[in-house]
Number of protein chains: 2
Amino acid sequence: MTKQKESDPKFADENTSLIPQLTLDCIILGFHNNQLRVLLLRWKNTQEWSLPGGPVRQNESVNAAAQRILKERTGLDQIFLQQFHVFGEVERYNRAEIQEKLKLIFDPNLWYERAVSIGYYALVDYSSVTPTPDAYTDECQWWDIQDIPKLLFDHNHIIQVALQALRHQLSWQPIGYNLLPHEFTLPELQKLYETILDRKLDPRNFQRKLLGLGILERLPTRRKGGAHKSPYLYRFDKEKYEAGLKEGNLFFI
Amino acid sequence: MTKQKESDPKFADENTSLIPQLTLDCIILGFHNNQLRVLLLRWKNTQEWSLPGGPVRQNESVNAAAQRILKERTGLDQIFLQQFHVFGEVERYNRAEIQEKLKLIFDPNLWYERAVSIGYYALVDYSSVTPTPDAYTDECQWWDIQDIPKLLFDHNHIIQVALQALRHQLSWQPIGYNLLPHEFTLPELQKLYETILDRKLDPRNFQRKLLGLGILERLPTRRKGGAHKSPYLYRFDKEKYEAGLKEGNLFFI
DNA sequence: CCAAAAGTGTTGGCTATACACCCATGC
DNA sequence: GCATGGGTGTATAGCCAACACTTTTGG
């Protein structure tokens with residue numbers, strides 16, 4: 001029940017033969033204008049949106065497949081990627097409904113009756129992404145996490161599960177390191193945390209806590225431009241941050 | 001590269017047709033004599049051990065497949081089961097080595113070149129398990145987690161990843177609820193935590209912490225038998241424990 | 001000069017940790 | 001009676017949460 005075009009025998013060769021009935025779905029998250037945003041695809045000749053994803057090839061690992069999909073949709077390599085859940089229900093969506101919504105492009109022979117999907121979320125620097133649609137879609141675009149429309153398949157559900165996993169990881173993974181540009185201000189980092197956690201944080205406590213981890217480096221420059229006091233710029237000190245992660249003594253918020 | 005006997009066409013029907021190249025591996029954990037133990041299977045006519053596992057049928061969810069395997073190997077229903085990782089490398093083990101080790105029973109036609117495996121761990125009450133081998137194995141037996149032999153496939157690695165996931169969940173999931181009998185003593189619970197975390201805990205602090213959660217109920221009886229003061233018996237107060245879990249304010253150790 | 005946002009310290013309560021002795025039981 | 005393990009309290013330090021005012025900047 002998920003696209004399998006490349007597994008059609010006429011497409012099969014060593015490079016493109018696929019593991020049947022196994023797919024990936026990728027929740028690609030960025031942060032822009034103090035909003036968490038997710039990359040969605042619009043299917044050809046429809047107004048139907050879904051998550052990026054795709055099959056796993058016979059000659060690549062599941063993680064490599066996720067990296068490949070990410071690279072294709074964003075142009076980025078070396079993305080922070082996290083497997084978070086396997087969606088293995090027998091009926092993950094209503095086949096008739098999908099057939100109706102995708103009637104212009106739906107060929108029953110190219111769809112599995114059932115597919116198991118491995119969910120990954122990816123954290124990327126919004127500003128360095130070049131959103132790119134795939135062979136089935138016309139458009140690839142960022143959506144604010146609050147404004148996501150009704151998606152195809154069980155993709156709204158998958159996003160909810162991804163956000164839960166992200167919140168959970170927020171306390172022991174350096175989310176900000178992956179979602180922000182190299183240089184950022186503490187108010188920006190705080191907004192990111194507030195957005196993911198969906199609650200306000202106290203700026204004094206936040207700064208004390210984050211700076212206390214010893215993984216942030218204050219730069220000599222400040223960010224100019226707002227009609228207000230200019231904030232300091234920071235960057236993650238990669239070595240200290242990785243050392244802290246290894247010892248497992250980084251606890252955020 | 002994993003058994004697929006049931007997917008051989010002559011076995012296929014609606015009940016047994018399988019999702020190809022997708023398997024489960026189950027780390028079934030129990031606690032006995034102050035030791036964490038894991039259930040392993042010995043392959044027919046060999047001295048080779050591996051984890052219980054198997055394929056997913058076309059008409060069952062992945063979680064249901066895990067429950068089914070658990071039921072078959074332990075006799076238990078309604079087990080605490082947790083998906084923890086997908087093992088999706090292309091070469092998860094050395095095919096020649098497996099062929100040699102299982103030469104008496106290895107039929108290349110019945111094995112996939114490659115399979116992706118979903119790892120589950122299960123926490124069970126040791127004393128209520130009836131270990132039962134499957135069609136490929138002669139013996140099903142508990143092994144102390146410290147004494148596990150070299151296993152087939154990548155199963156030693158899978159166990160290590162499962163234990164990491166378990167340690168991580170220990171801080172926000174009520175592990176003891178699933179691994180101990182209904183009635184247990186606080187020293188037993190403490191030993192369980194010490195075993196999983198692999199460090200000593202202070203008994204005074206442990207008791208204050210656990211009893212402070214308000215999810216344990218002290219029974220009027222004590223456990224007799226040791227050459228020493230008889231300890232109190234406790235049981236989990238299921239309602240309070242589930243209420244606490246929902247509110248997310250249970251933090252263990 | 002005003003509006004908007006950034007930067008900064010102190011306190012009180014709570015939680016985690018460290019630490020040692022007496023008690024009950026079976027042999 | 002003795003060896004074994006169980007049960008219990010207190011003191012300290014560190015952490016977290018609550019709280020408001022001053023500074024800088026652009027317009």
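In what follows, chains are A, B, ... by sequence order, proteins preceding strands, each numbered from 1.
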Seminar exercise, completed: Here the distance between atom P of D:dG6 and atom CZ of B:Phe184, to the nearest Å, is 15 Å
For this session: Evaluate the side chain to side chain contact (heavy atoms under 4.5 Å, CB included) criterion for residues A:Leu189 and A:Phe206: first the C-alpha distance (whole Å), next the side-chain angles of each, then the deciding distance (0.1 Å), finally the verdict.
Result: CA-CA 10 Å; A:Leu189 185 60; A:Phe206 184 82; 3.9 Å; yes
Exercise. Parallel, tilted or perpendicular for B:Phe236 and B:Phe184, by the 30°/60° rule?
Worked result: tilted
Exercise. Expressed in angstrom and rounded to an integer, what is the separation of B:Arg223 atom CZ from D:dG5 atom C1'?
Worked result: 14 Å
Exercise. For A:Trp49, which of A:Trp143, A:Trp43, A:Tyr136 qualifies under ring pair (Phe, Tyr, Trp, His ring centres under 6.0 Å)?
Worked result: A:Trp143
For this session: Assess A:Arg222 against A:Tyr232: is NZ or CZ under 6.0 Å from the centre of the six-membered ring, and within 45 degrees of the ring's axis?
Result: yes
For this session: Measure the distance from CD on A:Glu188 to P on C:dG7 and round it to the nearest whole Å.
Result: 10 Å
Exercise. How close or far is atom P of D:dC19 from atom CD of A:Gln207, stated in whole angstroms?
Worked result: 19 Å
For this session: Using a 4.0 Å heavy-atom cut-off across all strands, classify B:Arg218 as base, sugar-phosphate, or nothing.
Result: sugar-phosphate
Exercise. What is the distance from CG of B:Leu201 to C1' of D:dG7, rounded to the nearest Å?
Worked result: 17 Å
For this session: Take the protein atom CD of B:Gln190 and the nucleotide atom C1' of D:dG5, then report the distance between them rounded to whole Å.
Result: 12 Å
For this session: Sugar-phosphate atoms are those with a prime plus P, OP1 and OP2; base atoms are the rest. Using that split, label each nucleotide of nucleotides 17-27 of chain C B, S or - for protein heavy atoms under 4.0 Å, 5' to 3'.
Result: BBBB--BBBS-
Exercise. For the residue pair A:Trp142 and A:Tyr126, does the interplanar ring angle fall in the parallel (under 30°), tilted (30 to 60°) or perpendicular (over 60°) class?
Worked result: tilted
For this session: Using a cut-off of strictly less than 4.0 Å, decide whether B:Lys209 has a side-chain nitrogen or oxygen near OP1 or OP2 of C:dA16.
Result: yes
Exercise. Please give, in whole Å, the distance from C:dA6 C1' to A:Glu194 CD?
Worked result: 14 Å
For this session: Quick one: sort the A:Tyr241 and A:Tyr177 rings into parallel, tilted or perpendicular, breaks at 30° and 60°.
Result: tilted
Problem set entry | Gap between atoms CZ and P, on A:Phe206 and C:dA6 respectively (whole Å) | 12 Å
